[in-house]
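Note that these values count all heavy atoms, side chains included, but never hydrogens, waters or copies made by symmetry.
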Amino acid sequence: MSTLSNTSTSGATAKRLAAGTVALGVATLGYAVGIERRHWTLRTAELPVLAPGSRPFTILHVSDLHMLPGHRSKQRWVAALDELNPDLVVNTGDNLSHRTAVPSVLRALGPLLDRPGLFVFGSNDYYAPKPKNPARYLMPKGKKKRIHGVQLPWRDLRAAFVEHGWTDLTHVRRTIDVGGQAVFAAGVDDPHLRRDRYTDIAGPADSGAAVRIGVTHSPEPRVLDTFATDGYDLVLAGHTHGGQLRLPGYGALVTNCELDRSRARGASRWGAHMWLHVSAGLGTSPWAPARFACPPEASLLTLVPRGSGSPKSRKTAPRKARDTVR
């Protein structure tokens with residue numbers, strides 16, 4: 001009788017644990033899909049990359065909008081970032097997720113397009129996302145088959161950016177004026193699609209500029225190494241979504257590229273002389289609309305002269321921008 005009672009109790013306990021686990025999973029998924037993926041966040045950091053004696057200036061780093069026409073709160077929040085008065089805007093790609101989303105992207109970036117800007121494109125500017133088995137992100141790179149959706153109107157988006165005065169850095173080197181200071185910048189097409197041709201921009205960066213900035217969508221180490229070899233001070237990238245799903249105490253599960261997990265978002269050193277900043281981005285694939293412990297973000301970077309110490313980083317939400325979407 002005692003044995004039957006113990007067995008019955010153990011079975012009931014196991015059922016309660018299973019039910020609790022399912023309930024926790026459902027609640028976590030509901031939070032990740034329904035709340036956190038719309039928790040627009042501003043990350044700020046101070047990076048010591050300028051030549052000594054240079055005047056500090058700010059960069060608004062925007063990436064991975066993955067815009068759909070119905071993303072109204074995202075459009076309003078991004079547009080309100082103009083109130084931060086950045087000196088330069090850098091867009092590291094993956095703006096689109098739908099063939100009719102170009103007007104939505106322009107609505108979001110509209111006020112910022114009147115400021116000096118640099119951009120490169122990512123895979124989801126060229127091709128729409130498609131449903132994928134989540135397990136493929138854990139597979140070795142060599143076993144992944146490239147999956148492309150329908151072609152997107154990236155040429156229309158590029159034309160609008162250029163018409164407003166933003167500089168397309170795809171395989172070009174440019175010197176632009178930012179607040180009276182020379183900023184040397186160069187970029188490559190998306191390394192995730194193997195469209196990068198670094199040989200087109202290879203060579204020492206301009207040593208006379210206040211800062212030398214490299215721009216790429218996917219932060220592939222082979223590309224970062226070449227920027228570092230050529231003397232760039234800072235590289236800006238996106239693509240990783242910060243891991244998109246992070247575990248507290250562990251961090252990003254994957255980066256969807258060859259970059260190590262510890263660098264999936266934020267600022268880090270790359271070699272002895274270069275900084276890397278990876279944006280966790282503001283969107284997700286429409287087929288995987290969830291974020292956990294990794295809210296969507298844009299970044300306001302304050303560049304200061306070298307010798308100013310380690311970067312200071314924090315997350316916040318500009319009050320006026322936040323109020324427009326609540």
Side-chain angles (χ1 to χ4, degrees), residues 42 49-50 54-67 74-96 100-122 124-126 152-190 195 200-201 205-206 208-217 232-238 277 279 281-283 298-303 318 321:
L42 181 72
V49 297
L50 297 180
S54 299
R55 185 172 62 258
F57 69 89
T58 56
I59 295 177
L60 180 65
H61 183 186
V62 177
S63 195
D64 297 87
L65 289 167
H66 291 285
M67 192 70 76
K74 184 192 301 183
Q75 293 165 35
R76 292 191 296 268
W77 190 84
V78 172
L81 292 173
D82 186 63
E83 298 171 12
L84 298 170
N85 294 317
D87 297 297
L88 177 67
V89 182
V90 178
N91 181 315
T92 47
D94 272 12
N95 295 278
L96 303 171
T100 64
V102 169
S104 301
V105 172
L106 298 179
R107 189 178 301 116
L109 296 174
L112 296 166
L113 290 170
D114 293 330
R115 299 182 180 275
L118 308 171
F119 70 94
V120 295
F121 283 154
N124 287 144
D125 293 302
Y126 300 119
L152 295 175
W154 64 271
R155 292 179 180 85
D156 295 343
L157 187 63
R158 180 189 183 278
F161 283 177
V162 171
E163 181 180 351
H164 281 85
W166 278 17
T167 300
D168 183 357
L169 281 182
T170 305
H171 301 141
V172 298
R173 295 154 56 104
R174 292 287 185 269
T175 299
I176 65 170
D177 181 274
V178 178
Q181 300 186 99
V183 172
F184 182 80
V188 294
D189 208 344
D190 188 8
R195 295 174 70 120
D200 289 0
I201 59 168
D206 182 1
V211 64
R212 292 149 286 275
I213 299 175
V215 183
T216 178
H217 175 64
Y232 287 80
D233 304 297
L234 171 65
V235 171
L236 302 180
H277 185 268
S279 171
L282 282 157
S299 301
L300 186 68
L301 310 177
T302 301
L303 307 194

Parallel, tilted or perpendicular, as decided by the 30° and 60° cut-offs, for the rings of Phe161 and Phe119: perpendicular

Could you tell me the separation between the [atom1] atom of [X] and the [atom2] atom of [Y], rounded to the nearest 0.5 Å?
X      : Y      : atom1 : atom2 : answer
Ile213 : Leu88  : CD1   : CG    : 6.0 Å
Leu81  : Leu300 : CG    : CG    : 9.0 Å
Leu152 : Asn124 : CG    : CG    : 7.0 Å
Arg158 : Phe121 : CZ    : CZ    : 7.5 Å
Leu236 : His61  : CG    : NE2   : 5.0 Å
Ser104 : Met67  : OG    : CE    : 6.5 Å

Under-4.0 Å salt bridge between Asp206 and Arg173: no

Arg212 bridged to Asp233 by N-O distance under 4.0 Å: yes

Evaluation steps, salt bridge (charged side-chain N to carboxylate O under 4.0 Å, His left out), between Arg115 and Asp87: CA-CA 7 Å; Arg115 299 182 180 275; Asp87 297 297; over 6 Å; no

Residue pair Asp189 / His171, side-chain donor-acceptor N/O under 3.5 Å: no

Any donor-acceptor N or O pair under 3.5 Å, side chains Ser63, Thr92: yes

Ring-face cation contact, Tyr126 with Arg195, 6.0 Å cut, 45° max: yes

Lys74 to Gly283 - nearest heavy-atom pair and separation: NZ-CA, 3.8 Å

Asp125: side-chain hydrogen bond (donor to acceptor under 3.5 Å, both in side chains) partners, not counting sequence neighbours: Asn95

Non-neighbouring partners of Leu169 that pass side chain to side chain contact (heavy atoms under 4.5 Å, CB included), sequence neighbours left out: Leu118, Val120, Thr167, Val172, Arg174, Ala185, Val215

